[in-house]
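Read the structure below first, then the notes.
Values below: all heavy atoms of this structure, side chains included; hydrogens, waters and symmetry mates excluded. Numbering starts at 1 and runs along the sequence shown.
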Amino acid sequence: MTQFQMSWFFVLVTLLLSGPFKPAAATPDATAHHHHHQYHQYHHGRRCGWAARARPSMMQRVDSISAAMVLLLLLFAAAALPRPALAVTCGSTTLASSLDVARFVTACTAISGSLTISGSDIISLQTPGLQSLVNVTGGVTITSNTALGSLAGLEALTNIGGSLSITSNPALGNLAGLAGVRQIGGSFEVSLNSALTSFSGLSQLRTVAGSLTVSSNPKLRQLNSTRSLTLVNGDLTLLSNPLLASIEFPSLVSIGANASVIACNPTSLQGLCALKSVGSNLAVRYNPVLADIDGLSKLRTVGGGMTIEQNAVLANVDGLLGLSSRGVGGLVIIQDNAALCFTGVVNWTSVATTLPVIWRNRTPCPASRAAPLSVPGPTYSDVRATSVLVSWEPASNVNGIVTAYRLFVGSVASMDFFAFNSSVLPGTQSFCANSRVSYNLTNLSPYKTYSMYTIASNLAGSTSSAITTIRTAEAAPQNVSAPVLIPISSRQIDIQFKDPAVPNGVVSGFVIRRNGAEIFNSAPPVPTGSPPRYTFSDRMLEPYTSYTYVVYAKTSAGSTASPNATVRTLEDVPASINPPVLQPYNRTSLNITWSAPDLPNGLLVRYTLDLYVGSSGASATIYSGTRRWFIANGLSTEITYLARVTFWNSAGSVTSAPGAGSPAARSNDSVLLRPTTLWLLAPLLCFSVLLAGC
């Protein structure tokens, strides 16, 4: 139990023994006795030297014990929960034995100073203490550990403020335990590790602020897992690693001081394919199987001198073509390379600031040099309607350095190829070993077949790949023309439409909408005429009504709407008409009125009114015009008259049912006044009323 827990334990025990003070409530009958008892108790307490207080009841003690027990249980439960160790920063540390490694402080997440691991009996670093270590502000030295076979246990380490030195560890096979290290604030040295075969484990390393030295590792074959390294501020030295065949620094752009590849075993320097500048001297020496230095093709400046010597099978130095004018700041020495021929390749007097020393290389040069032997054809991925990602493998047997890749694109129909966006692939091109070359080809037409091929060029000539073809993906159609609308009758409109001018794929169907509502959605109908058109008949429409149509053309990628088109159905004869109304006008006249049809179905051009005399059936057309009333005069009160109205539009006419009526005889022979007459007489009537009131 911790001191903190013991303190709380004694507090709780005290609470259990004492209990809370809660005075009992006094009843009215006992008030006087209570006061008398308090008086004696007070004075007795005064005499005895203690203050009086009420004793707790049994129930109060039980409540106190329960509450205290709950608090005690919570205290021990909290103590049982795991608590994260507090971060601790330690000082400089030396682990000289396996016992030191085991005793390393578990809570030490950082070391302010240096860390040294050096002990003949250290076989493992997988202890809780080292597995918590994240940061070392100084240097880390791992040396002379004769039994240490792995750096596993240092995976949490991300930052080393000083240098990292891994030397003279004869059992160490790789650097896998350093997978978390992102930056090294000083130099980085890996030397004299007789069992080391690879750099596996440095995948996160970005920068080395000092120098990077890899030397005298007799079994080292690969500098792999260093693909993220972009900067070495000091020297890069690869020295006396006789089996080192693979140098992989494909992201390394700058070396601040000297760069040396000496007495190693690479066949090329493709792993330095991103390198643009060397701050001081460049040395490539005593590499027995180095065939070319094409990997240096992006190198533009060397701040000091440059030495290329004693590389027995080095055939050319085409990789130095990218050196800018006066790009080498010191003396250029190219000598004793038995297979080297470079005549005419580089204008050395332009590149170097001093007269170069070039001698004891291969003479004479071959009569001619060959173009690349094989160029793989392009392949495709991410095929879209207007773009394709084109990729191809680097040319094989390039007979030097590939100075340019060109992509030729043409239509299958014309086979008229053109260099597509050649400005994007200019000049000297170099690519890291085993990497694909990719180019996003844009501005293509949807659903079109293209043929493509690539050309790889070196100083001797060019070689073409085989032609491959690709069809771009479909897109929504373009340029869908407005439909042609033909009104066939008052109930039917024929819609004529055609394929879009730019289908962008296979037109799978059409959609027709009338006033926004879909009325057709199907595959194209059978075409007719020349040029071919499709026809759809829209029936069951309303007469003399405007309708707006839109046609959508569809492919698998989407649909596109045509412009709107509007037309009106033809007229039909009027419908839903009422008979005329006959009202007495005077003893010899009828006022005949009628209403417009509910469904005119067109433009009404005139009305005709026929009057029938009684049951005899004699009739006459008494009116033809556009107004909807007529006064029929010269009639008899003894006869009931019938009237019919005929409604006319451009489609024809329809006659109403008859309306009946007769003139009325009035005793005072008063004149039936038309509404218009009443309006004229209204002022006179009002004046008469005023006079009567007077």
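To the nearest 0.5 angstrom, Glu248 atom CD is 8.0 Å from Leu223 atom CG. Separating the OG atom in Ser268 from the CG atom in Leu314 is a distance of 11.0 Å, to the nearest 0.5 Å. Atom NZ of Lys276 is separated from atom CG of Leu296 by 14.5 Å, given to the nearest 0.5 angstrom. For the atom pair CG (Leu115) and CD1 (Ile160), the distance works out to 9.0 Å, reported to the nearest 0.5 Å. In this structure, CG in Asn504 is found 8.0 Å from OG in Ser445, a value given to the nearest 0.5 Å. Leu95 CG to Ile122 CD1: the interatomic distance, rounded to the nearest 0.5 Å, is 6.0 Å.
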Inset, instruction - List the steps and the verdict of side chain to side chain donor-acceptor pair (under 3.5 Å) for Tyr380 and Ser391. - result: CA-CA 6 Å; Tyr380 311 99; Ser391 303; over 6 Å; no

Inset, instruction - List the steps and the verdict of side-chain contact (heavy atoms from CB on, under 4.5 Å) for Leu282 and Leu299. - result: CA-CA 11 Å; Leu282 170 64; Leu299 185 62; 3.9 Å; yes

Inset, instruction - Test side-chain contact (heavy atoms from CB on, under 4.5 Å) on Asn281 and Val278 and set out the steps. - result: CA-CA 7 Å; Asn281 299 311; Val278 174; over 6 Å; no

Legend entry - Intermediate values then yes/no, side chain to side chain donor-acceptor pair (under 3.5 Å), Thr143 and Thr167: CA-CA 5 Å; Thr143 185; Thr167 61; 3.0 Å; yes

Inset, instruction - Give the intermediate values and the outcome of side chain to side chain donor-acceptor pair (under 3.5 Å) for residues Thr141 and Thr116. - result: CA-CA 5 Å; Thr141 300; Thr116 300; 4.6 Å; no

Inset, instruction - Show your working on side chain to side chain donor-acceptor pair (under 3.5 Å) between Ser191 and Ser215 and close with a plain yes or no. - result: CA-CA 5 Å; Ser191 300; Ser215 67; 2.8 Å; yes

Inset, instruction - Go through Ile142 and Leu148 one step at a time and tell me if the side-chain contact (heavy atoms from CB on, under 4.5 Å) criterion holds. - result: CA-CA 10 Å; Ile142 304 173; Leu148 183 63; 4.1 Å; yes

Inset, instruction - Apply side-chain contact (heavy atoms from CB on, under 4.5 Å) to Asn217 and Leu244, showing your working. - result: CA-CA 9 Å; Asn217 301 285; Leu244 181 58; over 6 Å; no

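Side-chain contact between Thr468 and Thr379 is absent, with no heavy atoms from C-beta onward closer than 4.5 Å. With contacts defined as side-chain heavy-atom distances shorter than 4.5 Å, the pair Phe188/Val232 does not qualify. In this structure, Thr109 and Asn135 have side chains that are not in contact, with every pair of non-hydrogen atoms separated by 4.5 Å or more. You'll find the side chain of Met452 stays beyond 4.5 Å of the side chain of Ile467, heavy atoms only. Leu220 has its side chain out of reach of Leu243: every pair of non-hydrogen atoms, C-beta onward, lies at least 4.5 Å apart. Between Leu212 and Phe249 the shortest side-chain heavy-atom distance falls below 4.5 Å. Taking the side chain as every heavy atom from C-beta outward, Ile247 and Leu238 approach each other to under 4.5 Å. Annotation: side chain of Leu340 is not in contact with side chain of Ile308 (no heavy-atom distance under 4.5 Å).
A donor-acceptor contact shorter than 3.5 Å is absent between the side chain of Ser387 and the backbone of Thr442. Using modelled atom types, one side-chain atom of Asn311 and one backbone atom of Val284 make a donor-acceptor pair closer than 3.5 Å. Looking only at distances, no side-chain donor or acceptor of Thr213 sits under 3.5 Å from a matching main-chain atom of Thr237. A donor-acceptor pair under 3.5 Å is absent between the side-chain atoms of Ser240 and the main chain of Ala263, judged by distance alone. A donor-acceptor pair under 3.5 Å is absent between the side-chain atoms of Asp235 and the main chain of Ala257, judged by distance alone. In this structure a side-chain-to-backbone donor-acceptor pair under 3.5 Å is present from Thr146 to Ser120. Side chain of Ser246 to main chain of Gln222: no donor-acceptor pair is present (N/O by atom type, distance under 3.5 Å, no hydrogens or angles). Using a distance-only test at 3.5 Å, with no hydrogens or angles considered, no donor-acceptor pair links the side chain of Asn287 to the main chain of Asn265. Under the 3.5 Å distance criterion, the side-chain polar atoms of Ser124 are matched with a main-chain donor or acceptor of Gln126. In this structure, Arg300 contributes its side chain and Lys298 its backbone to a donor-acceptor pair below 3.5 Å.
Looking at every heavy atom in both residues, Val383 comes nearest to Thr472 through CG1-CA, 4.0 Å. Taking all atoms of both residues into account, the shortest heavy-atom contact from Ala102 to Thr127 is CA-CG2, 4.3 Å. Across Ser203 and Ala179, no two heavy atoms sit closer than the pair OG-O, 4.4 Å. Across all their heavy atoms, Asn145 and Ile117 have their closest contact at ND2-O, 3.0 Å. Closest heavy-atom contact between Lys219 and Ala195: CD-CA, 4.3 Å. Nearest heavy atom pair, residue Ala312 against residue Pro288, reads CB-O, 4.1 Å.
Using a 3.5 Å distance cut-off with no hydrogens or angles, the side chains of Thr469 and Thr449 do not pair a donor with an acceptor. In this structure, a donor-acceptor pair under 3.5 Å is present between the side chains of Asn258 and Ser280. Between the side chains of Ser98 and Asp121, at least one donor-acceptor pair of N or O atoms lies under 3.5 Å. Side chains of Asn159 and Gln183: a donor-acceptor N/O pair is present below 3.5 angstrom, by distance only. Between Thr230 and Ser251, the side chains place no donor N or O within less than 3.5 Å of an acceptor N or O (distance only, hydrogens not considered). Side-chain atoms of Glu309 and Thr307 include no donor-acceptor pair closer than 3.5 Å.
Figure legend: cation-pi geometry between Arg471 and Tyr450 absent, as NZ or CZ is not positioned both under 6.0 Å from the six-membered ring centre and within 45° of its axis.
Summarising the local packing, CD1 of Ile123 is surrounded by 12 or fewer heavy atoms from other residues, nucleotides or ligands at distances under 6.0 Å.
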